[in-house]
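Read the structure below first, then the notes.
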Amino acid sequence: MEEDAPPPRPSLVHLTIRSLVIISLLLSAITQASAQPPDTLANVRTSHRLTYGADEEGGAPYIYIDREPPHGRVGFEVELMDRVAQKLGVRAEFSQALWENLLQVLDRREIDVVVNGYELTERRTRDYLPTRPYYVYQLQLMALPNGPVHSLADLSLPRPGGGQWQVGVLGNSAADNYAQKFDSRLVRVVRFDGATNAMMKVRSGQIDATLQDLPAAQYYIRQPEFSMLSLAGPAEGSGYYVMYVRKGDVALRDALDDALDALTRSGELRAILEKYHIWNDAQLSLGGWSKDKTAPVATSRPMFDLTLLRDFIPTLLASAGVTIGLACASMPLAIIAGLFIAIGRLPESPRVLRWILSTYVEVIRGTPLMLQLFVLFYVLPELGILLSPWAAGILGLAINYSAYEAEIYRAGLQAIPRGQMEAALALGMSRSMALRRVVVPQAARIVIPPVTSDFIALFKDTSVCSVLTLTELTKRYSILSNNVGGVVEFGIATGLLYLLMSLPLTWLSRAMERRLDGVSGPLKGGKR
Amino acid sequence: MIDVSGLVKSHGDHPVLRGVDLTVAQGEATAIIGASGSGKSTLVRCINGLETFDEGKVAVDGLDLCCTLSRRERERTVRAIRLRAGMVFQQYNLFPHRTILENVIEGPVHVLKLGVDEAIERARKLLDRVGLGDRADSRPRELSGGQQQRVAIARALAMKPRVMLFDEPTSALDPRMTLEVVAVIKDLASDGLTMIVVTHEMAFARNVAQTVHVLDEGKIVESGPICEVFENPQSQAARGLLNHVEAA
């Protein structure tokens, strides 16, 4: 990877923010209903500041950090917003947020408007006010030129060599919606957190193609790291990029519409699009836009919709199954690996081994899990090592947790008095038998509580695996609340499901401690 | 049975053993006495390989341990020695996660590969002998120090050793519990079991041993039949130890 390549969309803060968003939305859902909504346009004019939300991770050509010095923030949306703000007589200010959470950030009133390649969809116009469009987008398939896919039409034919076509999309994007139309027997749609992540998987040959918004495809095909990909067939489908404001902000919407209309008429919008090489004839239709196309669809939804839960509980449970599968497969591996690492780090072990294992533990503990998964899934393929999402997820979690388990065991082993090992050796045991029969069983009892606590943490850390295109519980919640609505309903259900997973572990740990605690526990009659 | 010659060991710059020679005959009960820090514990731990030494040689029942052995040869010799020499520690070191009976059969079953039933039979006899036949299913923590030490002796005896090494076996015990343990060790000595008893308690040494060696600053300064050394100590160190006892 080029070091100055735009960073991919997933990030460390991702999950933290996601969980914070859940909480804050629960709170804001309660408080917002009662508050008198202030007039945003008036605020913008008095503060001389129009704050727009977007995500600059993997965001070219919309909004991104320039590869050329001085590495400023550029992109056609940046320039567009500068002009729009100018028309309003204020200054445009960018605010970073995760792409799929932008509308929720808008709800929280931290930004005034969402501008980030957001498509005009019926679902969004139910809850938000769209402006007139500023771009007509199309979808473009990207593939390796010598691969099996040469156009979208190929995807309706059986895949040569058998199996399903694997097509990557950016989750919750227009391409994701479009891909729902594919025949699911022929095509498997793989959802990615970032546009460039899907391109990396096409480059390594792990998926056949990726369906992208045309501007992104056109931009990245010109970048050195993706220049080996080709645009497969003509662009298809079309839709509009619009800006979204809160439902009550009609005045702001009208002001933005006027500004966009003026920029379209004057040719300034065209100049910006041409500068970023994304102008095409389809954009001509922007001039003849009429307002009723973005008229809000009159619908209403109850505050708390239990039918949503009824309809989607099976889906949530299936994703909880993914979470359980990942955790239960990786934890035993982590426990076993951790034990060997801890034993290898005992003072009696060869110095080289101790040094290697210490380095391993420090490197793994000192780097984020997200980064480790990213390396396993996106970087190893560059070296010819291809891991399936499940394999990468289980291996990554096991590697990450093995370092922590090793440290817990090391502490546990050190807590056993030296005399225990000496007594076992004096009986003629080998070192390994003394560890197995005498030291480790005693250490095991000490480490049960911290290991259980780690296991519970692992359940929640599986959510990082969404970066590997695995739809586990947190990711499912995010998808459902974005597509179907029901942030509160699904939030509560998701939280309860996590709790249902962790509580039995706590009970199991207590029971194991009691059972193993022969030292202070009741007498047992057994011989062995 | 045991032959130690020219044993030298240092911890860094600090010499612990400075050329120790020691012979213990078959059936002999030998006491090694000395003030704390004189190196007596280190000496007995060198004999069964719990400590390494820098120079000299240890021979137990014809098995030679010297510092020129390769790591692998040393490992093999040490394990063979440990099968012939049982050891009892100051802090008993019973396995707290196992019952008394399980502690005693641990070695026979897992090291000697004896059948479980045979090992249990052997263990019960030994527990009876140390007076703890009724505590077989207890946990170590439920026993007094003296009882735990007697179990530790039974655990070592269950391996049918040819020699027993006692490293300060009564130092952690109060006088009443000391008596229980001394009685057991005396019983073993009168049965003709070869043994080395490391202690700084003169009365104990006098009670069980025929021969005594006085260790002072890593060297043996006086050796002889126990009565002679106690009646007529020649060395300053021995006199010091005996005076200390009389003063107390």
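Numbers restart at 1 for each chain; the letters A, B, ... are given by sequence-line order, proteins then strands. The structure presented is a predicted model; accordingly, all values stated were derived computationally and were not measured. What you see below is based on every heavy atom in this structure, not just the backbone, and it leaves out hydrogens, waters and symmetry mates.
Of the two parts of B/Arg155, the backbone and the side chain both hold a non-hydrogen atom closer than 4.5 Å to a non-hydrogen atom of chain A. Neither the backbone nor the side chain of B/Ala158 comes within less than 4.5 Å of any heavy atom of chain A. Heavy atoms closer than 4.5 Å to chain A are found nowhere in B/Leu112, neither backbone nor side chain. Contacts of B/Phe95 with chain A are made by both backbone and side-chain atoms, with heavy-atom separations under 4.5 Å. Proximity to chain B (any heavy atom under 4.5 Å) is restricted, for A/Met433, to the side chain, taken from C-beta onward.
The pair B/Glu102-A/Arg437 fails the salt-bridge criterion, with no side-chain N (NZ, NE, NH1 or NH2) lying under 4.0 Å from an Asp/Glu carboxylate O. The pair B/Arg72-B/Glu75 fails the salt-bridge criterion, with no side-chain N (NZ, NE, NH1 or NH2) lying under 4.0 Å from an Asp/Glu carboxylate O.
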Problem - Test log, rule side-chain hydrogen bond (donor to acceptor under 3.5 Å, both in side chains), inputs A/Asn400 and A/Gln372 - result: CA-CA 8 Å; A/Asn400 185 267; A/Gln372 292 160 11; 2.8 Å; yes

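Among the candidates B/Ile81, B/Asn48, B/Leu165, B/Leu94, the residue making the largest number of heavy-atom pairs closer than 4.5 Å to chain A is B/Leu94. In terms of heavy-atom pairs under 4.5 Å with chain B, the best-connected choice from A/Pro417, A/Ala424, A/Ser430 is A/Ser430.
With values rounded to the nearest 0.5 angstrom, A/Leu397 atom CG is found 10.0 Å from A/Leu333 atom CG. The distance from the CZ atom of A/Arg510 to the CD1 atom of A/Ile448 is 12.5 Å, given to the nearest 0.5 Å. Interatomic distance, A/Tyr401 OH to A/Phe455 CZ, rounded to the nearest 0.5 Å: 10.5 Å.
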